[in-house]
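What follows is a single structure, written as structure tokens, with notes after it.
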4 protein chains.
Amino acid sequence: MREPRRRLDPADRRRELLQAAERLLRRRADGVRVEDVVAEAGAAKGTFYLYFPTWDDLLEALRDELFARFEALAPEPVELDGPVDWPATLRRIAAAYIRFNLEMEGLHDALFHSDFARNRPVPVHRGGPARLAAMISAGQEAGVFAPVPAGLTARMLFAAMHEAADAVREGADRLAVTLALDALLHRALTPEIDP
Amino acid sequence: MREPRRRLDPADRRRELLQAAERLLRRRADGVRVEDVVAEAGAAKGTFYLYFPTWDDLLEALRDELFARFEALAPEPVELDGPVDWPATLRRIAAAYIRFNLEMEGLHDALFHSDFARNRPVPVHRGGPARLAAMISAGQEAGVFAPVPAGLTARMLFAAMHEAADAVREGADRLAVTLALDALLHRALTPEIDP
Amino acid sequence: MREPRRRLDPADRRRELLQAAERLLRRRADGVRVEDVVAEAGAAKGTFYLYFPTWDDLLEALRDELFARFEALAPEPVELDGPVDWPATLRRIAAAYIRFNLEMEGLHDALFHSDFARNRPVPVHRGGPARLAAMISAGQEAGVFAPVPAGLTARMLFAAMHEAADAVREGADRLAVTLALDALLHRALTPEIDP
Amino acid sequence: MREPRRRLDPADRRRELLQAAERLLRRRADGVRVEDVVAEAGAAKGTFYLYFPTWDDLLEALRDELFARFEALAPEPVELDGPVDWPATLRRIAAAYIRFNLEMEGLHDALFHSDFARNRPVPVHRGGPARLAAMISAGQEAGVFAPVPAGLTARMLFAAMHEAADAVREGADRLAVTLALDALLHRALTPEIDP
DNA sequence: AATGAATGAGGTTTCATTCAT
DNA sequence: TATGAATGAAACCTCATTCAT
């Protein structure tokens, strides 16, 4: 009658829990409980804590995985034949970011607009700002971006991108938002202006 | 043993509760409970619910008050003698915003990086983005700002200002942040760039 | 703006409170609060307690009044010309009781099927059982009722009447219930049976 | 300092909670709280809600159990050798009912004269009236009871039994009450009366 | 006699986390 | 490694009653 205890490879079990949590959090950012996750994953409550010390650790693992997925999806450009077109790359990344952000559904709020987000800030080396800063620096070295402070500017522009995605999520026209964001990124970094 | 009952004018009692909550939330954004607030305010638990149906209603009242205070502190410019210098006004507001934001201490996180912030979004007509949009439009009419979309750009720039303040809060050098923000605002709006 | 304090003759004020409570309790037996009553009566909360030491005292006053009304509505028969027809009187009273009971609406549950009913039992001299006992005794003296113990029998028969009314309230056919009750009353008291 | 956690089979834990509640409610029908029950049962508050969604669900479980106990104590008669003596059976059940009722102590009020009793009426198929109706029908088929309406009469007679028990509880002489009840039951059902 | 702000005990319920098995 | 019963700290909210005015 009762399911026998399912012995799994730890890595598999962990993945099942993460996937279960992701499925549920996509549907609703709020009100997903440990109990729901283990039910969805076909595990027992205590098992959860063998893999994640706390609920927030699960969220952190989920966030890490999403960052990894985004990096795979929008990889750093490499100079294969000829130099990189940094402004175009930036536009491409911005569009990819918005798309990715929207595809997250409830996950987005759970991970980025929640008490969790406050209690576990994204480590500086991960996440969008760091990548953006690297791109800005690269573009500056290539002479296509103005000499603004790369770290701080990246951070502010990333916040702007995030906000742009939120605007679309709240119903703003996606094309208009993308254009406005592209304009902002262009203006923020173009060298054709007196400092 | 028992404190005598303090009968106050409702407006006073409400203010005392708000002030008590503000004091506690400044110290720690997290873990302040109704019980703590009434203890701090010298009131009984039931009294709280006479003035605020739920905890989030208290936070909302607090947020409203902060907006009002900021508006008093950084009022809209008026054309007294001669036209307004919109770019300078913008810089002034940005600096005021960062200062104000930092002075909020724990309140900032409790009101703007929390589940509350998600569940009770700032009404569009209140808050920074709306004011910023109005300023951008005014500057555009005066011909000193580029014809970027005012609403979306305001929203993104406000996010950038917010992020700038967070950066200072996390230890970034305040002057550097202010300069980077000013540069961003300038570049985002200056008409000296071809679209 | 504010209603001035309405000074009333104490008896009037008390009556207004009682009537307000009756109105509300008819609508819903449950969940009527002191606050609702004073609002309905146009009085202040504290005023309630000038007239009724506790909520249960209000209910008791209401119950007393209902008893009085029932007694006025179905008065004891008097021997005007010729002897009283006790069995017919009993049937009449039973029908009147059911009618009255149904007309009470929510009051019935509030007064007779509630914690109040348990905490404040009807004083023995008031209420149905006492009157029923008097009628049974009178009928016994007139030789038309069997020599059953009047007090206990009255108590049990009154419970039966009450239950009959509840049955109608719950949807049983009123005529059928009345007939069944009449039969029970008749059989319980008729002398045409060996003891 | 802290008691070690007692892990029980759910059925056992549930039984312990029910027994603890029964013990307390026997002593006093009023003012027993979830907290009292878990203290008496040596469990934590949250444990209560693992087994009973609300306080009333506990009372309902208790009531179910009491019905079951009464049914075990006063089982339906079966025709072993010769026909059942229905009038005698009825007297036996009535006496058993009164005894059982008295043994309940505070439980009786908590379960049958309370807001709970109103909010969770006894399901028609359980409880005394249904059994009584079945007995009356059986006796009618055997020709030993008069052709009164079985369902309604059962309901009224059960109310009378209940009232008889209450009378004893309030101090009436138990023998006198039993005799008066037996007389009522006899008269209500005997065929020796013309309809 | 009247007001209505204040009280605080009470009860409900939820869930992340622990731990005995 | 796995289980799932048990825990208990919160948080929520209600409302009869009190009492300063």
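Naming: A, B, ... by sequence-line order, numbering from 1 per chain.
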**Report entry** Close residues, residues 106-115 of chain D, relative to DNA chain E [heavy-atom separation under 4.0 Å]
**Finding:** none

**Report entry** nucleotides 13-18 of chain E: protein proximity per nucleotide (B base, S sugar-phosphate only, - neither; heavy atom, under 4.0 Å)
**Finding:** BBSSBB

Requested in this report: Scan residues 42-53 of chain B for pairs that pass side chain to side chain donor-acceptor pair (under 3.5 Å), counting only residues two or more places apart or in two chains.
Outcome: B:Glu35-B:Lys45

Report task. Please name all residues satisfying ring-ring contact (aromatic ring centres under 6.0 Å, His included) with D:Phe116, sequence neighbours left out, ordered by chain then number. Result -> none

**Report entry** side chain to side chain donor-acceptor pair (under 3.5 Å) involving A:Arg63 - partner list, sequence neighbours excluded
**Finding:** none

Report summary line: By side chain to side chain donor-acceptor pair (under 3.5 Å), A:Gln19 pairs with (sequence neighbours left out) none

Query raised in the report: Which whole-number value in Å describes the distance from D:Arg13 CZ to E:dA20 P?
Result: 13 Å

Report summary line: Atom CG of D:Asp12 and atom C1' of F:dA5 are separated, to the nearest Å, by 12 Å

Report task. Report the residues that fulfil side chain to side chain donor-acceptor pair (under 3.5 Å) with B:Arg27, sequence neighbours left out, ordered by chain and then residue number. Result -> none

Query - side chain to side chain donor-acceptor pair (under 3.5 Å) partners of D:Arg126, counting only residues at least two apart - result: none

Requested in this report: Using Watson-Crick or G-U wobble pairs with both distances under 3.5 Å, give me DNA chain F in dot-bracket, 5' to 3', with [ ] for crossers and | for pairs to another strand.
Outcome: .||||||||||||||||||||

Query raised in the report: Between D:Tyr51 and F:dA5, does any side-chain N or O lie under 4.0 Å from OP1 or OP2?
Result: no

Query raised in the report: For B:Arg5, what residues pass the salt bridge (charged side-chain N to carboxylate O under 4.0 Å, His left out) criterion, not counting sequence neighbours?
Result: none

Requested in this report: Give every residue pair that meets the ring-ring contact (aromatic ring centres under 6.0 Å, His included) criterion with at least one member in residues 14-48 of chain D, sequence neighbours excluded.
Outcome: D:Phe48-D:Phe52

**Report entry** Euclidean distance, atom CG of residue D:Asp9 to atom P of F:dT3 [Å, nearest integer]
**Finding:** 18 Å

Query - Matching residue for B:Leu25 among B:Val32, B:Asp109, B:Val37, B:Asp36 - test: side-chain contact (heavy atoms from CB on, under 4.5 Å) - result: B:Val32

**Report entry** Residues which pass ring-ring contact (aromatic ring centres under 6.0 Å, His included) with D:Phe67, listed by chain and number, not counting sequence neighbours
**Finding:** none

